[in-house]
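Worksheet: the structure to be examined is printed underneath.
Along the sequence shown, the residues carry numbers beginning at 1. These values consider heavy atoms only, across backbone and side chains, with no hydrogens, waters or symmetry-generated copies.
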Amino acid sequence: MRILLPMLYRSGLVEDGARQEARQEMQDGIVAGTDIHAVAPRRWVPFIIVGLLAIAVWGYAGRANAAGSFTVNSTADSPDMTPGDGVCSASGGDCTLRAAIQEANASPGLDTIQFSIPLPGVQTIYPLVALPAIHDAVVIDGYTQPGAAPNSLAQGNNAVLLIQINGAYAGANVSGLSVFTSNSLVRGLVVNGFSLDGIAVGATDNHIAGNFIGTDPTGASAIPNGVDGIKVGNFNLAVPAGNNTIGGATPADRNLLSGNGRNGITMDQVRDTYFYGNYVGTNATGTARLPNQGSGVGIYRGAPNFVGGTAPGQGNLISGNHDDGIGMSDGFVVAGHVIRGNLIGTDASGNPTLGNLRHGILMNERGIVVGGMAAGEGNVIAGNAQAGIYVQGGAGNRLSGNRIYANGALGIDLAATGPDMNDAGDGDSGANDRLNAPVLYGAVRGAGDLTVTGLFNSTPNQHYDVTIYVSNQCDASGFGEGETYVGATTATSDGNGNGGFGVTVPVAVTDGQMVTTLLADPAGNTSEFSACMIVQPDNLTWNRAMPLPLSGASTTLTGATTQYLDRTGQTRWFKFNVQPGSQVIVDLASLPADYDLTLHTDIQAAFSQLVGPVDLARLSAELAPSAFVNPAAFTNPAAFTNPAAFTNPAAFTNPAAFTNPAAFTNPAAFTNPDAFTNPAAFTNPAAFTNPAAFTNPAAFTNPAAFTNPAAFTNPAAFTNPTDAEAAGYVNAQLRTLIGVSAHDGIASERIVVNSWNNSGEFYVQVRGRNGVFDRVTPFSLQVTELTGVCSGVNTTLPAGSLSSPAGDFHTVILHEIERMEGSSAEQTLLAAARRPGRTHRSQRYRAQYRWRRTRCGCTG
């Protein structure tokens with residue numbers, strides 16, 4: 001009787017000393033007339049006899065196969081004795097995998113290769129040379145082996161694979177299976193240890209599903225194939241490769257492609273490859289790294305191919321690989337690959353813990369689509385060591401609707417490392433045409449919604465898509481990633497290339513989250529993410545001050561909040577109710593930079609008075625001195641929002657502090673990064689030369705101010721408020737100022753005042769010195785109100801003799817010539833101009849005084 005030594009060896013019946021001799025005999029084809037006692041100890045003879053009986057039975061079954069269906073019952077590698085006779089029969093009558101492939105190739109039409117090897121556990125087939133390439137349609141189904149079972153888990157993998165094809169002895173330049181035909185299916189196999197690829201696929205309409213390629217049968221350890229787990233290519237076949245499916249939407253179709261020497265899968269010079277539902281670079285459960293040494297997915301010289309899809313189960317897990325999750329390059333041919341619904345850098349649950357060691361996606365192609373705005377189209381690209389998406393070259397790549405966060409570098413990086421600087425007119429070229437990113441001006445939380453406003457500059461008279469994202473943190477560069485896609489809008493640039501957008505999206509957000517946006521042009525070019533804007537209330541101006549409720553015991557009321565200054569020159573306003581006769585303590589702490597504090601009485605009440613008919617005349621008279629006749633003193637907010645304007649006495653005694661606009665406008669032009677990242681800062685003069693653009697709160701709180709291009713090109717867009725309203729708006733802030741705290745550095749600021757007889761509301765302003773800001777650390781503000789402290793103060797003045805004397809009287813205007821501006825000669829001329837016969841008193845004079853009484857430190 002003849003036996004096959006590979007089966008005996010794997011069953012423990014052949015000792016290691018006989019392995020080399022058996023291998024040589026197997027390579028010759030058939031082991032004939034072997035003396036069992038020469039290769040096995042006598043103690044195994046009873047077991048060998050039983051094994052031989054079983055082999056004889058199964059060998060008969062192999063010879064009894066009908067044509068077109070072949071059942072492999074041996075782990076041997078012997079060839080078929082008579083290929084083409086329709087009977088899978090190797091030496092001894094057994095059916096080996098090699099013999100079954102030979103018969104299937106010789107039998108026209110779709111054949112089936114099943115497995116029924118009569119031994120328990122994993123059965124390993126060791127080809128000694130390359131298996132025959134498959135040239136006729138066939139189904140090879142490893143799940144037909146008794147005890148095997150496909151995966152049934154939507155997440156993870158509980159497949160039991162019992163047929164392993166290992167290339168340890170197959171030699172150099174050998175792939176495991178070569179499917180060089182159409183309409184074939186390979187499933188339920190473990191393919192590992194080959195010097196080239198685990199499975200090579202050419203031609204069309206083939207399906208590779210439910211296999212472990214590059215790992216052991218448990219999917220926990222690597223047994224690498226030397227190059228790719230699967231390679232889909234043309235292989236110089238007459239039929240170009242296309243319409244092949246690797247994986248599928250059902251759990252049973254999931255391939256595990258991990259541990260291989262290069263890529264998990266390579267698609268080269270092919271089109272319409274559908275790569276669905278696979279795990280690439282992880283273990284079978286998707287919970288740990290089992291890296292391919294190259295990229296998870298490599299796509300070269302072909303178009304289009306599809307990685308993932310929108311239907312449930314079509315997305316792949318592509319994580320843990322030594323290079324990129326997905327790498328694409330074809331020399332800038334319009335490839336048109338579509339990447340949707342995948343997890344790239346995460347574990348199977350979507351946690352960003354198994355990042356690829358370079359980029360999530362690297363592309364050097366044209367016309368790639370990554371994600372989309374419809375349900376199921378977006379990818380999760382998170383936890384990768386470098387960029388989420390790195391566009392090395394090529395243009396027209398549309399990258400939208402994805403969740404991109406927690407990557408080591410930018411969420412999207414267009415060629416040059418780090419954020420690209422926007423250029424006026426967007427005339428540069430390169431990756432995705434180096435499209436300018438938007439510049440955000442507002443991310444305002446509402447009751448269940450978010451209002452986002454911003455500007456951009458690019459090609460004139462063109463439509464653009466803007467996609468909006470919310471993240472829990474910003475990239476360290478200050479520019480965004482997009483953790484959650486929340487909405488989109490469209491915008492059109494004007495003749496100068498300037499455009500704006502304002503959109504409210506229905507999404508619940510919390511203060512401190514980050515908003516970023518992407519811009520995409522009609523060709524699909526997508527920008528890098530914009531700089532982060534922190535979600536906060538719209539309390540940037542006093543008339544939109546955020547209410548700060550005070551609560552507590554009747555004698556001590558407190559309220560506290562935290563917020564960020566996230567732009568150069570930004571101001572945050574708060575207001576709280578105040579009771580007469582109280583002491584008010586305002587503390588500003590946890591300062592990440594040099595922030596200053598001012599306190600005001602009721603600005604709204606003061607504004608209402610100033611715009612009344614009677615008070616307008618009074619206002620005009622009060623503003624008569626030269627220090628105030630220059631409108632810039634009021635239309636330029638920096639004159640009042642800069643703490644130095646209050647802490648430096650010269651700010652008030654020197655009229656030049658207000659008459660020279662450059663004293664306020666020049667520094668901001670260079671300390672504000674937006675002045676450089678926003679091209680409109682240079683191409684549209686009206687955006688900065690019109691003071692009303694900043695003094696009118698509606699310029700920023702109304703989204704239409706940005707979506708209508710005329711908002712910046714038409715000066716009237718900002719001059720709508722009357723002169724009285726504009727002057728009153730700013731002057732109300734100045735005349736209500738009662739306290740300033742402006743310590744140098746990050747020391748806490750404190751203001752302590754007494755409310756006297758004030759009621760209504762007090763206002764608090766927080767601003768960074770010289771425009772400093774911090775997007776990482778919020779400041780904390782606390783207000784304490786000690787009620788009743790000054791309740792005993794008598795507000796009625798005592799009787800006095802302040803009435804004017806009877807008879808004629810003159811109004812005398814006194815001045816000190818020495819303290820007035822001008823040269824000595826001019827001062828001498830002014831002194832000489834006094835009325836004849838009058839004595840001028842520059843240092844000594846008489847006057848009647850009005851006075852007010854103070855007590856308990858309270859100010860009237």
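- For the atom pair N255 CG and I265 CD1, the distance stands at 8.5 Å (nearest 0.5 Å).
- For the atom pair Y279 OH and N316 CG, the distance stands at 10.0 Å (nearest 0.5 Å).
- D216 contributes a side-chain N or O that, together with a main-chain N or O of G219, makes up a donor-acceptor pair within less than 3.5 Å.
- Using modelled atom types, one side-chain atom of N407 and one backbone atom of N384 make a donor-acceptor pair closer than 3.5 Å.
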task: Decide salt bridge (Lys or Arg N to Asp or Glu O under 4.0 Å) for D465 and R398; before the verdict, give the C-alpha distance in whole Å, the side-chain angles of both, and the deciding distance to 0.1 Å.
output: CA-CA 11 Å; D465 293 325; R398 183 176 291 275; 3.4 Å; yes

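- At least one side-chain heavy atom of I113 sits less than 4.5 Å from a side-chain heavy atom of V72.
- Using a 4.5 Å heavy-atom threshold, the side chains of N157 and F212 count as touching.
- For the side-chain hydrogen bond (donor to acceptor under 3.5 Å, both in side chains) with N397, the qualifying choice from N525, N432, D433, N364 is N432, the only one to do so.
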query: Would I165 and F194 satisfy side chain to side chain contact (heavy atoms under 4.5 Å, CB included), going step by step from the backbone distance to the final call?
result: CA-CA 9 Å; I165 307 173; F194 286 90; 3.7 Å; yes

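- Counting heavy atoms from C-beta on, the side chains of D141 and Y143 come closer than 4.5 Å.
- The side chain to side chain contact (heavy atoms under 4.5 Å, CB included) with V505 is formed by just one residue from the set L450, T489, V470; it is L450.
- In this structure, N283 contributes its side chain and R289 its backbone to no donor-acceptor pair below 3.5 Å.
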message: side chain to side chain contact (heavy atoms under 4.5 Å, CB included) for Q293 and R262? Distances and angles first, verdict last.
response: CA-CA 5 Å; Q293 298 303 304; R262 191 173 72 162; over 6 Å; no

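- N422 places a side-chain N or O within 3.5 Å of a backbone atom of A437 that can act as its donor or acceptor partner.
- Checking side-chain atoms of D228 against main-chain N and O of N263 turns up a donor-acceptor pair under 3.5 Å.
- In this structure, the side chains of L518 and V466 stay at 4.5 Å or more apart for every pair of heavy atoms.
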field: Evaluation steps, side chain to side chain donor-acceptor pair (under 3.5 Å), between S152 and N158
entry: CA-CA 7 Å; S152 62; N158 62 357; 2.9 Å; yes

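- Note: Q563 CD to S780 OG = 12.0 Å, rounded to the nearest 0.5 Å.
- Rounded to the nearest 0.5 angstrom, L189 CG and I163 CD1 are separated by 7.5 Å.
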task: Could you check N356 against N321 for side chain to side chain donor-acceptor pair (under 3.5 Å), going step by step and ending with a plain yes or no?
output: CA-CA 5 Å; N356 298 287; N321 299 285; 3.0 Å; yes

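- Closest approach of H337 to N305, counting heavy atoms only: ND1-N, 3.0 Å.
- Here CZ of R358 is found 6.5 Å from OG of S295. Values are rounded to the nearest 0.5 Å.
- At distances below 3.5 Å, at least one donor-acceptor pair connects side-chain atoms of T526 with backbone N or O atoms of L399.
- Using a 4.5 Å cut-off on side-chain heavy atoms (C-beta onward), L290 and T215 make contact.
- The side-chain heavy atoms of E483 and I404, taken from C-beta on, include no pair separated by under 4.5 Å.
- One N or O on the side chain of S319 and one on the backbone of G345 form a donor-acceptor pair closer than 3.5 Å.
- Defined by atom type and a distance below 3.5 Å, a donor-acceptor pair is present between the side-chain atoms of T451 and T504.
- Contact between G480 and C532 at its shortest, heavy atoms only, is CA-SG, 3.7 Å.
- Residues satisfying the side-chain contact (heavy atoms from CB on, under 4.5 Å) test with N192, not counting sequence neighbours, are Q164, N166, V190, I223.
- Looking at every heavy atom in both residues, A209 comes nearest to G247 through CB-O, 4.3 Å.
- Of all non-hydrogen atoms in S400 and M373, the two that sit nearest each other are OG-CG, 4.5 Å.
- The minimum heavy-atom distance linking N225 with G193 is given by the pair OD1-N, 3.3 Å.
- For S175 (side chain) and N173 (main-chain N/O), no donor-acceptor pair under 3.5 Å exists by modelled atom type.
- Looking at every heavy atom in both residues, P438 comes nearest to F456 through CA-CB, 4.3 Å.
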- request: Take N244 and V270 through the test side chain to side chain contact (heavy atoms under 4.5 Å, CB included) and record every step on the way to the result.
  value: CA-CA 9 Å; N244 293 294; V270 299; over 6 Å; no

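- In terms of modelled atom types and a separation under 3.5 Å, the side chain of N278 and the main chain of I246 share a donor-acceptor contact.
- One N or O on the side chain of N206 and one on the backbone of G202 form a donor-acceptor pair closer than 3.5 Å.
- No side-chain heavy atom of T490 sits less than 4.5 Å from a side-chain heavy atom of F501.
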query: Should M514 and V535 be marked as a side chain to side chain contact (heavy atoms under 4.5 Å, CB included) after you check the CA-CA gap, both sets of side-chain angles, and the distance that decides it?
result: CA-CA 6 Å; M514 304 288 179; V535 175; over 6 Å; no

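- The local environment of CD in Q473 is sparse, with at most 12 non-hydrogen atoms from other residues, nucleotides or ligands closer than 6.0 Å.
- Between the side chains of S471 and Q513, not a single donor N or O lies within less than 3.5 Å of an accepting N or O.
- N342 and N379 share a side-chain donor-acceptor pair at under 3.5 Å.
- In this structure, the separation between CZ on R775 and CG on D475 is 11.5 Å, given to the nearest 0.5 Å.
- Among I344, V370, V338, I299, the single residue meeting the side chain to side chain contact (heavy atoms under 4.5 Å, CB included) criterion with V307 is I299.
- With hydrogens and angles left out, the side-chain atoms of S530 and T516 include no donor and acceptor closer than 3.5 Å.
- Qualifying ring pair (Phe, Tyr, Trp, His ring centres under 6.0 Å) partners for Y469, counting only residues two or more places apart in sequence or in other chains: Y485, F529.
- With a 4.5 Å cut-off on side-chain heavy atoms, T273 and F306 do not count as touching.
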